[in-house]
Amino acid sequence: MAFQALLFVDQTSLAGSRKLIYSLMKMMKYFTAAPVTSYKLKFSVHETFANKEPAADDLGNSLKKVMEHKEIRGSFGCVRKELKELGVEEIVLHSNCLDFIGRINVELFYI
């Protein structure tokens, strides 16, 4: 396991749009209270885009690809307790935006 930490010593591992995707994955982790570590998120982003640079104008689809990585697949299906209390019942990731669905549907932001 210690050898895997070396992946992130190099500044290019999470540079450019990979860093943005990692940041958005951290937000998804927060919104869904996903039981994944930051390391697993970094590893999933790194491995998903090992030999290519993800398109900065297609972040939603890039996020979906990372979310299907074997280390974190199925971890983002819930809604955080605090959001449930606000009426959010489901979080839907589209190719260009993130929707919070519930008693009051709110489109949070475009990606």
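If you're wondering where the values come from, they're calculated on a predicted model, not measured in any experiment. Note that the numbering runs from 1 along the sequence shown for the chain.
A 4.5 Å side-chain heavy-atom check between K29 and S38 finds at least one atom pair inside the cut-off. Here the side chains of D58 and N61 are in contact, with some heavy-atom distance below 4.5 Å. Using a 4.5 Å cut-off on side-chain heavy atoms (C-beta onward), K81 and E85 make contact. Counting only heavy atoms from C-beta outward, the side chains of V92 and F100 never approach each other to under 4.5 Å. Between I101 and E89, every side-chain heavy-atom pair lies at or beyond the 4.5 Å cut-off. Under the 4.5 Å side-chain criterion, counting only non-hydrogen atoms from C-beta, K70 is in contact with E47. Proximity of F31 to V79: side-chain heavy atoms (C-beta onward) are nowhere separated by under 4.5 Å.
Separating the NZ atom in K42 from the CG atom in L14 is a distance of 6.5 Å, to the nearest 0.5 Å. R73 contributes atom CZ, which lies 10.0 Å from atom OG of S44 (distance to the nearest 0.5 angstrom). Separating the OG atom in S95 from the CG atom in D57 is a distance of 10.5 Å, to the nearest 0.5 Å. The CG atom of L63 lies 13.5 Å from the OH atom of Y22; values are rounded to the nearest 0.5 Å. Rounding to the nearest 0.5 Å places CG of L93 at 9.0 Å from CG of L24. Note that SG of C78 is 12.0 Å distant from CG of L83, once rounded to the nearest 0.5 Å.
Every residue meeting the side chain to side chain contact (heavy atoms under 4.5 Å, CB included) condition with T32, not counting sequence neighbours, appears here in chain and number order: M28, A34, F76, I91.
The main-chain N or O of L20 is never found under 3.5 Å from a side-chain atom of S17 such that the two would form a donor-acceptor pair. In terms of modelled atom types and a separation under 3.5 Å, the side chain of R18 and the main chain of V45 share no donor-acceptor contact. Side-chain atoms of H69 come within 3.5 Å of backbone N or O of E71 as a donor-acceptor pair.
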Problem - Candidate pair I72 and V66, rule side-chain contact (heavy atoms from CB on, under 4.5 Å), full reasoning - result: CA-CA 8 Å; I72 59 174; V66 173; 4.0 Å; yes
Problem - side-chain contact (heavy atoms from CB on, under 4.5 Å) between M25 and M67, worked out - result: CA-CA 8 Å; M25 290 299 299; M67 291 170 76; 3.6 Å; yes
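The number of heavy-atom neighbours closer than 6.0 Å to NZ of K84, taken from other residues, nucleotides and ligands shown, is 12 or below.
Contact between S75 and P35 at its shortest, heavy atoms only, is O-CD, 3.8 Å.
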